[in-house]
There are 2 protein chains.
Amino acid sequence: MSRAGAIKPESDHILDRPMGDTDGIDFEIIELLFFAYRDFISDPDAILDTSGFGRAHHRVVHFVNREPGLTVAALLDTLKITKQSLARVLKQLIDSGYIAQVAGPEDRRQRRLYPTERGRELALALARPQSCRIAHAMEGLGDDGRAAVKAFLSGMINPATRGAADDQDDAMEGHER
Amino acid sequence: MSRAGAIKPESDHILDRPMGDTDGIDFEIIELLFFAYRDFISDPDAILDTSGFGRAHHRVVHFVNREPGLTVAALLDTLKITKQSLARVLKQLIDSGYIAQVAGPEDRRQRRLYPTERGRELALALARPQSCRIAHAMEGLGDDGRAAVKAFLSGMINPATRGAADDQDDAMEGHER
DNA sequence: AATTTATGTCAACATAGCTGACATATTCGA
DNA sequence: TCGAATATGTCAGCTATGTTGACATAAATT
């Protein structure tokens, strides 16, 4: 039924020329990023399907393992999702024994999040294929090429976010946010 | 209620050491990719919110503009989603006048997809901030650095996908898939 | 004429995001 | 010390976007 009407829309100003590089836009990198990221997350996705978890769980497990003891607020800030959204997956991860909560030593309102051994194993299992993929993609590159990749990716990140990401080796204890 | 039980799970083997670079895993790039991609799609997301569309629409509009006349089957293959999933957003885009369908000249079962001027404008508007972000991230890099970035991103893509992405300038007419 | 192909469509479901409202425990400031 | 602010949890419902399975139609192929 929608068939007959759609056949010859000659009035609709149809364009048949590809949107190309005449517009000064770097479509190549845009598409490379799309495909690269899609395949990049397909590796952990396959593992997660087995465990009954999803990408949301992946992110939580990852960051809790990267910064044991981080607060719920800090995690929310990193993930940029709502607490209701986090609550769902976090509860499952705690109930399944991948993550444990401990009341904050100073501020006992806080629930600091720690990985269990099980949680650590999962995080590592998820990171491994991604690391392999990265290593493969870096294969042909020299130190300067690798540095360029890091500089590029850093430059893609918003300043506010970048602040947190750059300080990945700092504890930043004392002012969570 | 879940409060009392969660405070002191000393039996649970809690880990307080960050999952670090002792495991031979490149967590830095993993996180850079996560943040970079998140911010990368936040630009078009903001525009799409205005139009009442979402990321799914973005992808469809993008690829139809990049390869006008592509078939539904080819688009499904690029996006790697089901036809039912595509149908929803495609219908909206057609109804709103962003994309037009034309029966295939040779095989009239095909619905070849073309952008309208409106669709082209939307695709460009969505690509522009992404291109700016990329240009900014590339700023400090020389030609070799830029080449390294492209090589890296290409290397991150699965071979099957990479085939299609590499041929982006080919018409590939005659064997859609 | 029968089958395969390209596409569309209906129905039901899952994941993961969202808003809004409200509860509880704890800390902090006046 | 009391009231406000903070950190977190939770209930209820909505949206976007993916999934599977089943079936319909038109056109091409054999």
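Residue numbers begin at 1 in each chain, while the letters A, B, ... track the order of the sequences. What you see is a predicted model; the values in this text were computed from it and never measured.
- Looking at residues two or more places apart in sequence or on another chain, you find a ring pair (Phe, Tyr, Trp, His ring centres under 6.0 Å) between B/Tyr98 and B/Phe53.
- Within 6.0 Å of the CG atom in B/Asp143, the count of heavy atoms belonging to other residues, nucleotides or ligands does not exceed 12.
- At whole-Å resolution of the value, CG in A/Asp107 and C1' in D/dT6 are 8 Å apart.
- The phosphate of D/dG18 (OP1 or OP2) has no side-chain N or O of B/Thr82 nearer than 4.0 angstrom.
- For B/Lys83, taking side-chain heavy atoms from C-beta onward, the closest of the listed nucleotides C/dG8, D/dG18, C/dA16 is C/dG8.
- Checked by distance alone, B/Arg88 brings a side-chain donor or acceptor within 3.5 Å of a matching partner on the base of D/dG18.
- Residue A/Gln84 places its side chain closer to C/dC18 than to any other of D/dT17, C/dC18, C/dG8.
- Taking a 4.0 Å limit (strictly below) on heavy-atom distances, residues 47-55 of chain B reaches DNA chain D at B/Gly54, B/Arg55.
- With distances taken from any side-chain atom of A/Arg109 to the nucleotides C/dT26, D/dT10, D/dT8, the minimum falls on C/dT26.
- Look at CD1 on A/Ile81: it is 15 Å from C1' on D/dG9, rounded to the nearest Å.
- Two residues, A/Ser85 and A/Gly104, neighbour DNA chain C, and the one matched to the more 5' nucleotide by heavy-atom proximity is A/Ser85.
- One interatomic measurement links the two molecules: CZ of B/Arg108 to C1' of C/dT5, which rounds to 15 Å at whole-angstrom precision.
- At the phosphate of D/dT17, OP1 or OP2 sits under 4.0 Å from a side-chain N or O atom of B/His57.
- Within the structure, a side-chain polar atom (N or O) of B/Gln101 is placed less than 4.0 Å from OP1 or OP2 of C/dG8.
- Between the CG atom of A/Asp45 and the C1' atom of C/dA16 there is a distance of 13 Å, rounded to whole Å.
- Rounded to whole angstrom, the span from the CZ atom of B/Arg38 across to the P atom of C/dA16 amounts to 17 Å.
- Picking from D/dT10, C/dA6, C/dA16 the nucleotide with the shortest atom distance to the side chain of A/Lys91 gives D/dT10.
- Following rounding to the nearest Å, B/Glu106 (CD) and C/dA6 (P) show an atom-to-atom distance of 14 Å.
- For A/Arg128, there are no side-chain hydrogen bond (donor to acceptor under 3.5 Å, both in side chains) partners two or more places apart in sequence or in a different chain.
- Atom CD1 of B/Ile41 is separated from atom P of C/dA16 by 15 Å (rounded to the nearest Å).
- Environment of CG in A/Asp95: crowded, with over 12 heavy atoms of neighbouring residues, nucleotides or ligands closer than 6.0 Å.
- Comparing atom distances between the B/Arg59 side chain and each of C/dT7, C/dG17, D/dG18 picks out D/dG18 as nearest.
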